[in-house]
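A, B, ... follow the sequence lines: proteins, then strands. Residue 1 opens every chain.
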Number of protein chains: 2
Amino acid sequence: MSDENPLQPPWLNAPPVDPYPYEESHDLRTGPKLHPALDGLLPYVGVWRGRGRGGYPTIEDFDYGQEIRISHDGRPFLCYESRAWLLDEQSRPIRPAGREMGWWRPVLAGDRATGEWEALMTTPTGVMELHLGKRTGTQLEFATDAVVRTPTAKEVTAGHRLFGIVEGALLYAQEMAAVGHGLTPHLSARLIRVGG
Amino acid sequence: MSDENPLQPPWLNAPPVDPYPYEESHDLRTGPKLHPALDGLLPYVGVWRGRGRGGYPTIEDFDYGQEIRISHDGRPFLCYESRAWLLDEQSRPIRPAGREMGWWRPVLAGDRATGEWEALMTTPTGVMELHLGKRTGTQLEFATDAVVRTPTAKEVTAGHRLFGIVEGALLYAQEMAAVGHGLTPHLSARLIRVGG
């Protein structure tokens, strides 16, 4: 160990630090090489934009726009970021809506991908969903293994998601169990690739 | 309701969608107005860069660089994004290290902030931490109320974090309970403002 004063925090007089020296990318033509364990979801890496329809037994149906960014940094996980906004009947924006961030982790046997996935997804509404999933071709199915909510969050208890790549577009259907209802269709959308 | 065919998904032939029309910002001089419920943490909004020291009973001490971005979009929550990298004894980068994303939510009484906070933090290592916290002046203390891990994640069971703004710098100390140890000092760092 160096001759530091153990009582003094090591960073107290440390030199400034250069910017983050590594790359994260949603574009497979630039940045780090995609980790081989992610090859199964290679078609998902990118930025996607499109529209969807939402609803639930307790609310009116609604239309929304959405952007999803799925990126990587060379390590065996994907970064998922989503933001949506409400649309009126003329497709004009009404206000910002759902946001979500998380990580998608391939389950490995040794260093070989098994086709199983883990997803950790969290929203600013106070909900964290831990999903276990399976890839079949380009279809990815997730179901919640655990849902954790803050004391002030809405009562969400389970979720199920089906993602697919159809004719180059990203489609998904999302079910939710909440406020006393079992798993019920909640969101579905089709997004086209706009980046990567 | 419009004359849509109920069996056909609404987005099937929908017009393309414009880019996300709203702003998220880590700079209080631009973008949307900060929601009043976030005023207590106004000094935190920005991009921070600095260094820290990590360690745990089961591993060697290590030095790291870190960037933290705390941003908002006008609604009553903050977006937290962090990425770190290991440094050698000459402060040269070794490899990318911890990443973390999440949301910080003020607990409101009516529309008044109570000084209590909820934090949802997730890492690509398969861990989701739900923290409850309290702000005192510019000091923010979080402790885990729940920890959820994927089947392949390391055994993390609790966390405690203390953030502060000292002479304009962001300092924090982070304890972790993991792999059979109780809450034990794990990370501490000092970051200076580089954005916002």
Undergrad: Residue by residue, which of residues 121-133 of chain B have a heavy atom closer than 4.5 Å to a heavy atom belonging to chain A?
TA: B:M121, B:T122, B:T123, B:P124, B:T125, B:G126, B:V127, B:M128, B:E129, B:L130, B:L132
Undergrad: Taking the side chain as C-beta and beyond, is there a heavy-atom pair between A:P93 and B:Y20 under 4.5 Å?
TA: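 SC-SC contact between A:P93 and B:Y20 ruled out.
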Undergrad: Tell me, out of B:D145, B:D18, B:V194, who's got the most heavy-atom pairs with chain A below 4.5 Å.
TA: B:D18
Undergrad: Taking 4.5 Å as the heavy-atom cut-off, does anything in residues 71-85 of chain A contact chain B, and if so which residues?
TA: A:D73, A:R75, A:F77, A:C79, A:Y80, A:E81, A:R83, A:A84, A:W85
Undergrad: Kindly work out whether a path of hydrophobic side-chain contacts (I/L/V/M/F/W/Y, heavy atoms less than 4.5 Å apart) joins A:Y22 to B:W48.
TA: no
Undergrad: Is there a continuous path of hydrophobic side-chain contacts, each under 4.5 Å between heavy atoms, that joins B:L34 to B:I70?
TA: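 Yes, same cluster.
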Undergrad: Provide the closest heavy-atom pair for B:E118 versus A:P151 in the form atom of the first, atom of the second, distance.
TA: OE2-CD, 3.4 Å
Undergrad: Tell me whether A:L42 is reachable from A:I192 by hopping between hydrophobic residues (I, L, V, M, F, W, Y) whose side-chain heavy atoms are closer than 4.5 Å.
TA: no
Undergrad: With chain B as the partner, which of A:P21, A:A146, A:G65 has the greatest number of non-hydrogen pairs under 4.5 Å?
TA: A:P21
Undergrad: Quick check on the interface: out of B:R49, B:E67, B:R95, B:R190, who has the most heavy-atom pairs with chain A under 4.5 Å?
TA: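 Most heavy-atom pairs under 4.5 Å with chain A: B:R49.
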Undergrad: Please classify the contact between B:E100 and chain A as side chain, backbone, both or neither, with a heavy-atom cut-off of under 4.5 Å.
TA: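 Just the backbone, heavy atoms under 4.5 Å.
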Undergrad: What about B:L38 and B:L140, same hydrophobic cluster or not, with Ile/Leu/Val/Met/Phe/Trp/Tyr joined at side-chain heavy-atom distances under 4.5 Å?
TA: yes
Undergrad: What residues of residues 153-181 of chain A sit under 4.5 Å from chain B when only non-hydrogen atoms are counted?
TA: A:A153, A:L171
Undergrad: Considering only heavy atoms and a distance below 4.5 Å, find which of B:A119, B:G50, B:P96 pairs most often with chain A.
TA: B:P96
Undergrad: Rounded to the nearest 0.5 Å, what separates atom CG in A:L120 from atom CE in B:M101?
TA: 9.5 Å
Undergrad: Linking I/L/V/M/F/W/Y whenever any side-chain heavy atoms sit under 4.5 Å apart, do A:F62 and A:L191 land together?
TA: yes
Undergrad: Please classify the contact of A:E23 with chain B as side chain, backbone, both or neither, using a heavy-atom distance under 4.5 Å.
TA: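 Contact with chain B is absent: no heavy atom of A:E23 under 4.5 Å.
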Undergrad: Let me know if A:S91 has heavy atoms under 4.5 Å from chain B in its side chain, its backbone, both or neither.
TA: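 When you check distances to chain B, only side chain atoms of A:S91 fall under 4.5 Å.
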Undergrad: In residues 103-112 of chain A, which residues are in contact with chain B at a heavy-atom separation under 4.5 Å?
TA: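 The list, in residue order, reads A:W103, A:R105, A:V107.
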